[in-house]
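Report on the following structure.
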Amino acid sequence: MSKPLNFDDIVTMQHIYKTFNKGSVNEVVLFTDFNLTIKEHEFVSVVGSNGSGKTTLLNILCGTTAIDSGKIYLRDRDIGDMKEYRRASFIGRVFQDPAKGTCSTLTILENMSLADNKGKIFGLSAGVNKRRIDYYRTQLELLHLGLEDKIDIPVGSLSGGQRQALALLISTMTPIDLLILDEHTAALDPRSSETVMELTDRIVRDKSITTLMVTHNLRFAVNYGDRLIMMDKGQCVIDVCGRQKDQYDISDLLKIFNEISIECGN
Amino acid sequence: MDVFVGLLRNILEEGLIYGIMAMGVYVSYSVLHFPDLSVDGTLPLGMCVTAALILGGVNPVLASIIAFACGALAGSITGFLHVRLNITDLLSGILVMTAMWSVNLAITKGSAVLPYYNEDTIFNSGIAKMLPEGAYAYRVVIIVAAAAIIVKLLLDIYLKTKSGLLLRAVGDNEQFAISISQDPGKMKIIGLAIGNGCAALAGSILSQQSQSANINSGTGMVVMGLASVIIGTSILKKSSFVKPTTMAVCGAIIYKACLAVAMQLGLPTNYLKLLMAVILTLALVSNNYLSKGRRKQNVETPEF
């Protein structure tokens with residue numbers, strides 16, 4: 001019945017079922033027997049219309065949304081029953097809202113120190129390890145945003161793009177198995193979103209992090225990543241990688257996208 | 001002149017004692033953004049515990065520390081109700097506040113006022129005895145100031161530790177705490193324990209000053225604590241070197257001064273609680289007004 005687990009895969013989702021508002025008039029059946037595997041070092045872009053299940057997919061992986069039935073493995077670990085904050089020690093996540101990835105009243109240095117201690121004990125030792133400051137500076141320099149000279153200012157006074165870049169850096173600072181990008185450029189202006197996307201690509205390549213990116217930007221989906229998934233009504237309608245993916249350009253995607261949308265009536 | 005000095009001493013004494021509670025309210029309200037009503041129950045808890053212990057012959061300093069621990073336990077119950085049983089923040093506080101009434105009566109064995117005159121307190125034993133003769137009139141101010149400074153320093157140090165930084169992060173952005181693989185609920189419980197521990201410690205010192213415990217003395221403590229924190233932070237906001245804990249204590253002293261002035265001007269005691277509510281209302285309104293004006297000045301957003 002279920003296919004044997006291959007522990008070379010980072011993510012294995014098997015027979016996922018999810019229905020919202022079960023038993024009420026607003027019942028929405030989203031996933032019926034949904035399956036997905038993601039290989040190590042793969043950079044997957046996911047596109048799809050509103051309500052296609054992209055964000056629910058991410059929430060299921062992170063543990064924000066519980067599934068009705070099915071199995072979720074991260075490498076060989078069964079994470080299906082794990083709480084969201086426990087899963088976070090293997091999964092990094094950058095949100096659409098730049099305010100969610102950092103603490104606005106804490107300084108850049110304090111934010112980085114907290115993230116640096118991810119998954120460890122938060123005891124009564126000094127919150128900011130002064131010996132690590134040089135390391136944080138070199139990490140910030142990689143962003144080319146001049147943040148290395150501003151480590152003592154509160155993150156709340158940075159722009160959305162700067163905050164998102166910092167959130168990206170913070171979520172990839174400690175070793176993780178999977179990076180989840182939840183429309184992380186959608187709330188930014190075109191120029192900032194371009195900068196953050198380039199930065200994302202660089203960090204993901206440099207550290208060869210397995211990445212799952214949901215985006216509304218079809219151009220990003222085509223230009224970045226090595227696997228492309230288009231979702232509709234809880235199913236993957238397109239799932240291509242490598243050379244097959246290169247055959248798609250934006251106009252093809254847009255055409256399929258429109259066809260799906262018309263079927264849905266929106 | 002003597003009247004004036006006496007009044008000033010009185011304001012400082014009370015302001016510093018309630019300042020300890022205000023620092024606790026700062027932790028729960030300003031750091032965690034938790035409107036914690038259980039303070040109304042934990043301040044008299046500190047009084048009653050201290051009275052019972054001192055009557056039982058316990059060292060007053062130890063009694064104060066045990067009072068803090070009892071307050072912390074009550075605070076963690078508020079946190080538990082909210083975090084683990086999913087009861088709203090306001091209701092969790094009300095539940096603990098209501099329950100404390102019976103707990104306090106049980107501790108005082110049913111009497112509303114439990115006096116313990118002629119017993120040792122932190123003001124007439126131990127270090128207090130070592131003070132020079134001339135400082136006798138000011139012994140309460142000196143000891144209360146020392147207590148407030150100790151609490152302030154401990155809190156300041158704690159907020160700089162990893163745990164303290166995480167506490168601030170949870171109050172700011174719960175999702176961030178989850179992202180760094182930490183349980184935000186645990187930190188909320190710790191924060192509320194600290195907040196109510198401070199309130200109970202203030203109650204303990206207050207009761208040793210009056211050498212009695214009064215289970216009715218909790219009414220209006222939340223209002224007073226909040227007003228102190230808001231007054232302190234809005235007046236001292238511009239001076240960046242003043243720590244928020246100091247602001248809370250200063251706020252409590254200013255608040256007490258306002259009440260004292262009103263009483264001197266002939267306000268009947270019955271109107272005291274009304275005045276407390278009015279002061280908090282004014283502080284809240286002016287704080288909103290001030291921060292609105294400030295937001296308008298800062299429209300320039302930094303470029304990427």
Side-chain angles (χ1 to χ4, degrees), chain A residues 62-64 83-95 97 99-106 110-111 113-129 145 150 154-162 164-165 167 170-171 173-174 188-189 191-196, chain B residues 26-27 29-34 83-84 86 153-191 193-194 233 237 240-241 243-244 247 291 294-295 297-304:
Chain A
C62 292
T64 323
K83 280 205 170 120
E84 189 182 1
Y85 75 91
R86 293 222 184 273
R87 293 189 202 189
S89 55
F90 325 113
I91 301 178
R93 188 176 191 179
V94 182
F95 294 88
D97 180 2
K100 271 193 175 175
T102 44
C103 287
S104 55
T105 54
L106 303 185
E110 286 168 333
N111 270 281
S113 305
L114 279 167
D116 200 17
N117 204 43
K118 173 173 172 171
K120 295 187 199 141
I121 292 165
F122 282 76
L124 296 178
S125 57
V128 174
N129 185 348
L145 294 172
K150 296 181 181 168
V155 170
S157 56
L158 302 179
S159 71
Q162 287 172 324
Q164 207 63 326
I170 276 176
S171 55
M173 207 160 62
T174 46
L188 308 177
D189 65 69
R191 199 158 64 101
S192 304
S193 109
E194 206 71 44
T195 318
V196 168
Chain B
Y26 163 74
V27 172
Y29 179 74
S30 296
V31 175
L32 275 182
H33 300 288
F34 192 104
V83 172
R84 304 283 179 240
N86 293 322
L153 290 178
L154 285 177
L155 269 182
D156 285 347
I157 292 169
Y158 172 71
L159 289 173
K160 290 243 174 244
T161 63
K162 287 200 168 71
S163 177
L165 216 51
L166 182 61
L167 184 78
R168 288 162 63 198
V170 167
D172 185 324
N173 179 359
E174 246 178 79
Q175 188 62 52
F176 182 78
I178 293 173
S179 308
I180 57 171
S181 204
Q182 297 299 318
D183 179 8
K186 192 180 96 187
M187 290 318 293
K188 280 191 187 173
I189 294 175
I190 292 178
I194 295 174
T233 43
K237 206 180 264 172
S240 55
F241 55 91
K243 292 253 165 54
M247 294 181 191
S291 55
R294 205 166 289 128
R295 224 170 282 144
Q297 285 165 15
N298 289 349
V299 276
E300 20 140 31
T301 43
E303 271 292 295
F304 193 80

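Proteins come first, then strands; the chains are lettered A, B, ... in the order of their sequence lines, and each starts at number 1.
Remark: the Lys162(B) side chain and the Ser125(A) side chain contain an N/O donor-acceptor pair separated by less than 3.5 Å.
Of all non-hydrogen atoms in Thr161(B) and Leu124(A), the two that sit nearest each other are CG2-O, 3.4 Å. Residues Glu84(A) and Gln175(B) come closest through the heavy atom pair OE2-NE2, 3.4 Å. When all heavy atoms are compared, the tightest approach of Ser181(B) to Arg86(A) is OG-O, 3.9 Å. Counting all heavy atoms, side chain and backbone alike, Ile180(B) lies closest to Ala115(A) at CG2-CA, 3.7 Å.
Chain A forms the most heavy-atom pairs under 4.5 Å with one residue out of Pro184(B), Ala169(B), Ala177(B), and that residue is Ala169(B). Comparing Asn117(A), Thr64(A), Asp116(A) by heavy-atom pairs within less than 4.5 Å of chain B, the highest count is held by Asn117(A).
The side-chain heavy atoms of Leu106(A) and Phe176(B), taken from C-beta on, include no pair separated by under 4.5 Å. By the 4.5 Å heavy-atom criterion applied to side chains, Arg168(B) and Glu110(A) are counted as neighbours.
Ser163(B) contributes no side-chain N or O that, together with a main-chain N or O of Gly123(A), makes up a donor-acceptor pair within less than 3.5 Å. For Asn173(B) (side chain) and Cys103(A) (main-chain N/O), no donor-acceptor pair under 3.5 Å exists by modelled atom type.
Counting non-hydrogen atoms of other residues, nucleotides and ligands closer than 6.0 Å to OH of Tyr85(A) gives a total above 12.
To the nearest 0.5 Å, the span separating CG on Leu167(B) from CZ on Phe122(A) amounts to 12.0 Å.
Proximity to chain B (any heavy atom under 4.5 Å) is restricted, for Ile170(A), to the side chain, taken from C-beta onward. Neither the backbone nor the side chain of Phe90(A) comes within contact range of chain B; no heavy atoms are under 4.5 Å apart. Asn111(A) touches chain B through backbone and side chain together, each having a heavy atom under 4.5 Å away. Looking at Lys83(A), neither its backbone nor its side chain comes within 4.5 Å of chain B, counting heavy atoms on both sides. Using a 4.5 Å cut-off between heavy atoms, Ala99(A) touches chain B through its backbone atoms (N, CA, C, O) alone.
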